[in-house]
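A quick note: this is a predicted structure, and the numbers were derived from the prediction, not measured. Values reported hereafter were calculated over all heavy atoms of this structure, with side chains retained and with hydrogens, waters and symmetry mates removed. In the text below, chain A, chain B and the rest are named by the order of the sequence lines, each starting its count at 1.
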Amino acid sequence: AQSVSQHNHHVILSEAASLELGCNYSYGGTVNLFWYVQYPGQHLQLLLKYFSGDPLVKGIKGFEAEFIKSKFSFNLRKPSVQWSDTAEYFCAVVLTGGGNKLTFGTGTQLKVEL
Amino acid sequence: GAGVSQSPRYKVAKRGQDVALRCDPISGHVSLFWYQQALGQGPEFLTYFQNEAQLDKSGLPSDRFFAERPEGSVSTLKIQRTQQEDSAVYLCASSPGGGNYGYTFGSGTRLTVV
């Protein structure tokens, strides 16, 4: 069964610091990859997604992620975080042509301090 | 509607009680998914509908869990004889096609079984 690993469960950064959140998945087939964000008290929102093409994907609010197939990774990055980025971040994968269910990682809680 | 609507937002049930959780997807969205999110975990897939057909119910944890979408729009997740381990946030998501298109999530129903 496919699985998604997020290595950092809690991250604390100061404003303007750079961010990189790790995500690895276990399945060797063709996958679509997603990052979702959940702000305090709000529902899950899509940050960005990768289906095919350029492995560097840009999303909302200055986030980007790079798909490295050889490493089964899809790390999320942001050059300079803001206090408003404090949230929980989830990486997720769906198998193309293999059903429609998203498999999520356990999430990374990001806290940005002023 | 503009988003996915779930009700109630909060539900406290006594152990052994039956509960019903409602999801109103985005109008016209063919696909509907239910997820369970335990505290500190990522969402776990429960079941998937395409229109009124339940195509995947492999994630339902026991036969106490039952979901339906009789007219291909509103869906209800029913949990019979609730147990403490059922305490979680239940998320509904909808998609215009399969999960490969990404999902729009509702705010969830937080179920607490006492």
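- Contacts between B:Gln37 and chain A at a heavy-atom distance below 4.5 Å involve the side chain alone, from C-beta outward.
- Between A:Phe90 and B:Gln41, the closest heavy-atom pair is CE2-O, 4.0 Å.
- Under a cut-off of 6.0 angstrom, the local environment of OH in A:Tyr39 is crowded, with over 12 non-hydrogen atoms contributed by other residues, nucleotides or ligands.
- To the nearest 0.5 Å, the span separating OH on B:Tyr103 from NZ on A:Lys49 amounts to 12.5 Å.
- In the displayed structure, B:Leu39 atom CG is contacted under 6.0 Å by at most 12 heavy atoms of other residues, nucleotides or ligands.
- A 6.0 Å sphere centred on CD of B:Glu44 holds no more than 12 heavy atoms belonging to other residues, nucleotides or ligands.
- If you measure heavy-atom distances from A:Glu88 to chain B, you find no contacts under 4.5 Å at all.
- With sequence neighbours left out, B:Phe49 forms a ring pair (Phe, Tyr, Trp, His ring centres under 6.0 Å) with no residue at all.
- Of the possible polar contacts, none joining the A:Tyr36 side chain to the B:Phe105 backbone as a donor-acceptor pair under 3.5 Å is found.
- Partners of B:Phe65 by ring pair (Phe, Tyr, Trp, His ring centres under 6.0 Å), not counting sequence neighbours: none found.
- The NE2 atom of A:His43 lies 10.5 Å from the CG atom of B:Leu91; values are rounded to the nearest 0.5 Å.
- When heavy atoms are compared at a cutoff of 4.5 Å, B:Ser58 approaches chain A solely by way of its side chain, counted from C-beta outward.
- Inter-residue side-chain proximity for A:Leu102 and B:Phe45 is flagged as unmet; no heavy-atom pair is nearer than 4.5 Å.
- The side-chain heavy atoms of A:Phe104 and B:Tyr35, taken from C-beta on, include a pair separated by under 4.5 Å.
- Interface remark: of the candidates A:Leu46, A:Leu44, A:Val31, A:Leu44 forms the most heavy-atom pairs closer than 4.5 Å to chain B.
- Shown here is B:Arg15, whose CZ atom has no more than 12 heavy atoms of other residues, nucleotides or ligands within 6.0 Å.
- Neither the backbone nor the side chain of B:Leu55 comes within less than 4.5 Å of any heavy atom in chain A.
- Remark: B:Glu71 CD is loosely packed, at most 12 non-hydrogen atoms of other residues, nucleotides or ligands lying under 6.0 Å away.
- In terms of hydrophobic clustering, with Ile, Leu, Val, Met, Phe, Trp and Tyr side chains grouped at heavy-atom distances under 4.5 Å, B:Tyr48 and B:Leu21 are assigned to different clusters.
- Annotation: maximal heavy-atom pairing with chain A below 4.5 Å, among B:Ser107, B:Gly59, B:Gly108, B:Pro43, occurs at B:Pro43.
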